[in-house]
Amino acid sequence: MTTRHKGDSPTDDEIRTRRLAVVDDAGNERAIIELVHGHIELRLLSGDTTNECEVLVFAGAQVAGTAAVGVELWVNGNSVGGCSAVTSGSEVEFHRFP
């Protein structure tokens with residue numbers, strides 16, 4: 001992780017890292033932002049270790065000239081559904097998955 005100052009204002013400070021985790025008082029990760037295989041992911045975790053629920057929001061380029069964004073829901077380590085949109089030029093494909 002690197003920190004640098006872009007200007008004189010404290011709001012101009014910048015932190016650069018490939019993964020950022022927000023933890024609760026018990027040290028459990030509750031929000032994670034990271035790059036995974038060139039895609040940016042935001043994971044929001046319920047914090048319930050018995051029945052863990054998670055929301056994954058992702059965005060990134062699929063191949064040159066295409067990009068995708070989506071949301072996926074997870075329960076106890078299993079994907080239970082979601083949707084994504086893939087663009088290629090002016091074309092957009094919408095996908096739902098169980």
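Residues satisfying the side-chain contact (heavy atoms from CB on, under 4.5 Å) criterion with Arg30, sequence neighbours excluded, are Asp24. For Ala31, the side-chain contact (heavy atoms from CB on, under 4.5 Å) criterion is met by Val22, Leu44, not counting sequence neighbours. For Ala59, the side-chain contact (heavy atoms from CB on, under 4.5 Å) criterion is met by Ile40, Val69, not counting sequence neighbours. Residues passing the side-chain contact (heavy atoms from CB on, under 4.5 Å) test with Val80, sequence neighbours excluded: Leu73, Val75.
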Enumerate donor-acceptor pairs with a distance under 3.5 Å from any side-chain N or O in residues 50-58 to protein atoms, sequence neighbours excluded.
from, atom 1, to, atom 2, distance (Å)
Glu52, OE2, Ser46, N, 3.0
Glu52, OE2, Ser46, OG, 3.2
Glu52, OE2, Gly47, N, 3.4
Glu54, OE2, Arg43, NH1, 2.1

Please table the atom pairs, donor to acceptor, closer than 3.5 Å between any side-chain atom in residues 90-98 and protein atoms at least two apart or in another chain.
from, atom 1, to, atom 2, distance (Å)
Glu93, OE1, His95, NE2, 3.3

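To the nearest 0.5 angstrom, Arg19 atom CZ is 11.0 Å from Ile33 atom CD1. Atom NE2 of His39 sits about 8.5 Å away from atom CD of Glu41, to the nearest 0.5 Å. Here Asn28 contributes atom CG and Leu45 contributes atom CG; the two are 9.5 Å apart, rounded to the nearest 0.5 Å.
Here the closest heavy-atom approach between residue Ile32 and residue Glu29 is recorded as CD1-OE1, 3.2 Å.
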